[in-house]
Amino acid sequence: MPTTEYTPPPNFIRTIVADDIKANKNGGKVLTRFPPEPNGYLHIGHAKSICLNFGIAAEFGGLCNFRFDDTNPGKEEIEYVESIMADVRWLGFDWGDRLFYASDYFERLYEFAVELIRSGRAYVCSLTADEIREYRGTLTQPGKDSPYRNRPVEENVDLFARMRAGEFADGTHVLRAKIDMASPNLNLRDPVIYRIRHVTHHRTGDDWCIYPMYDFAHGLSDSIEGITHSICTLEYEDHRPLYDWFLDVLDVPCHPQQIEFARLNLSHTVMSKRKLLQLVREGHVAGWDDPRMPTLAGIRRRGYTPESIRNFCEMIGVGKRDSVVDVGLLEYCIREDLNRHAPRVMAVLNPLKVVVDNYPEGQTEELDAINNPEDAGMGTRKVPFSREIYIEREDFMEDPPKKFYRLAPGREVRLRYAYFVKCVDVVKDEKGNVVELHCTYDPTTRGGGSPDGRSVKATLHWVSAPHAVRAEVRLYDHLFTKANPNDESGGLDFKACLNPRSLEVLGSCYVEPGLAGAGPGSRYQFERQGYFCVDPDSSDGKLVFNRTVTLRDTWAKIMKSGQAGK
RNA sequence: UGGGGCGUCGCCAAGCGGUAAGGCACGGGUCUUUGGAACCCGCACUCGGAGGUUCGAAUCCUCCCGCCCCAGCCA
């Protein structure tokens, strides 16, 4: 169930699929696929594709295959296939028994290649990589035929068999489709479809030393699986004629329709594997699952819920224009989810001690607190109160500006669920820093009510000093300050746009005692501080909270716009 | 400059010849045991530009402008 009343907008892919079903194309069936290459971690951009493929299938009573496009060993690792499966599962999708690998089809693909050769549509080319590039021509000039283009069929068959048998070194020969060296679409200028790679494949081991290229393997794999709609990103638009060419020319089970959509770009975020790898390698982040990373592993660790990601993918829509979605929308989605489902607790991140002078020394009492004011079903809990408490340092100002409603000398505020307190004294150190506050409380306001009807302008969160549990808190912010770090043309200049405050570790924070045994991954809303989750990886027994996202902060806005003056 | 795509509010995005949905953001308000949340109101006489067709165009035609992708034995 989506977490909002929001109705997803129609999109062109839904329309195409709906029309196909109406026309009874493919017998009215829908079979999509999510085909990652296991050469890295999945990121939020992949989530869009996953949600789209599994979503469209589910929506129209079809299914979605999960296939690893593992045709380039050397870049691919078993570690990645495992992380990818875990991420898709975490996102909430179930591929049932439809887990496939392009490498499962290597034999079949080889046969297709031989069929191509026998029909005179493919040839073994012995030009070097550099020569092939030269022969390909340029964007404006046509290419020229390879001298090997008209090799006799039998020679091609023989050579290709010997390529497979391992008789040749890497780079000495390739198999090319014989299409059109003058095509304005460079992808059609006799594309390479098989190359020699004496590399151990993570699944097929050393069974093969020739591997099919994407263009050849992908469409045929789709066809073998009976895919109806092959949804991919915009950069493959130029490849569609080639995708169709193989399926037209070969004797295949079916001819899926390739549909392209715009990949996700997020402001303040880099999404390319190359740049993400650079962030990891140069040590700007702790690893692929650093909570600041846009990887699903990082986002999960940061405390995002799969529901919020799915909802986000629904809200951003699907189109063909290059766009950059504001991270603010992602943050909206996680706030909305957590606001409903995460219990609220009080935690003081930057403590200032307050002594309640007229509260009996040594006395403690348990007060009732509500876990979620908007969901009575989430119940209540007890929080201890005593003579010494901590409040947020920023909740007190000795000389408050006009619109500051919180605590100040002589002013009375409410301690949430506890009492009204009035500040009667301010203690400072030699340097003039406020180190402690003295207040008096009104016993008749127990629980936070005011029997005499008097009101206060602010309610503060707090924790009892002797009872509070110490915790480490990591405040995460955007990794990048630049509006869109993807703007640069050459290499990304991290120095220019990395946010130096993307990670702030607080070591002396205090949380309610009830959080002492909070399990890894549990999520909370810290009153007025944001949404936090217990780091799933806090292994050394320390209580560590990751800030998932901040709350909307109106006061900060007022301060920023300078309206808080006296 | 060859080919393939795309241009609707600050950011996404519906619309497909009948007179500009929705969400985020933003502004204002009500309420509030946190200045959060919730709720209410406001927010494109205009659809990259210029012509044309039509009773009528964001939707059709023409030209122009801008942006993205393609010259891996990557996917």
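Protein chains get the first letters and strands the later ones, always in sequence-line order, with residue 1 at the start of each.
On a pure distance criterion of 3.5 Å, no polar donor-acceptor pair joins the side chain of A:Y332 and the base of B:A25. For A:D238 against B:G3, a side-chain N or O and a base N or O form a donor-acceptor pair under 3.5 Å.
Ion pair A:E225/A:R33 not flagged as a salt bridge, since none of the NZ, NE, NH1 or NH2 atoms sits closer than 4.0 Å to an Asp/Glu carboxylate oxygen. Using a cutoff of 4.0 Å between basic side-chain nitrogens and carboxylate oxygens, A:D222 and A:R67 are scored as salt-bridged. With salt bridges taken as basic N to acidic carboxylate O contacts below 4.0 Å, one links A:D190 and A:R149.
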Nucleotide N/O to protein N/O under 3.5 Å, stretch nucleotides 11-15 of chain B:
{"unit_1": "B:C11", "atom_1": "O3'", "unit_2": "A:V324", "atom_2": "O", "d": "3.1"}
{"unit_1": "B:C11", "atom_1": "O2'", "unit_2": "A:V324", "atom_2": "O", "d": "2.9"}
{"unit_1": "B:C11", "atom_1": "O2'", "unit_2": "A:D326", "atom_2": "N", "d": "3.4"}
{"unit_1": "B:C12", "atom_1": "OP1", "unit_2": "A:V324", "atom_2": "N", "d": "2.9"}
{"unit_1": "B:C12", "atom_1": "O5'", "unit_2": "A:V324", "atom_2": "O", "d": "3.4"}
{"unit_1": "B:C12", "atom_1": "O2'", "unit_2": "A:I316", "atom_2": "O", "d": "2.8"}
{"unit_1": "B:A14", "atom_1": "OP1", "unit_2": "A:V318", "atom_2": "O", "d": "3.4"}

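Applying the side chain to side chain donor-acceptor pair (under 3.5 Å) criterion to A:N53, with sequence neighbours excluded, gives A:S49.
In this structure, A:R335 forms no cation-pi arrangement with A:Y531, as its terminal cationic atom is not both closer than 6.0 Å to the ring centre and no more than 45° off the ring axis.
When distances run from any side-chain atom of A:R133 to the nucleotides B:A75, B:G72, B:G5, the shortest one goes to B:G72. For A:M213, the side-chain atoms get nearest to B:A75 when compared with the rest of B:U1, B:A75, B:A38.
B:C11 and B:U19 are spaced 27 Å apart, taking the C1' atom of each and rounding to whole Å. Only the P atoms considered, B:A37 is 30 Å distant from B:C45, to the nearest whole Å. Spacing between B:A25 and B:G42 at atom C1', rounded to whole Å, works out to 14 Å. With P as the reference atom, B:C61 and B:G18 are 16 Å apart, rounded to whole Å. Rounded to whole Å, the P atom of B:C47 lies 13 Å from the corresponding atom of B:G10. Of the C1' atoms belonging to B:U59 and B:G48, the separation is 15 Å, rounded to the nearest Å.
Among the candidates A:H46, A:M271, A:H43, the single residue satisfying the side-chain contact (heavy atoms from CB on, under 4.5 Å) test with A:L264 is A:M271.
With a 3.5 Å ceiling on both atom-pair distances, B:A37 lacks any Watson-Crick or G-U wobble partner.
At whole-Å resolution of the value, OH in A:Y419 and C1' in B:U33 are 15 Å apart.
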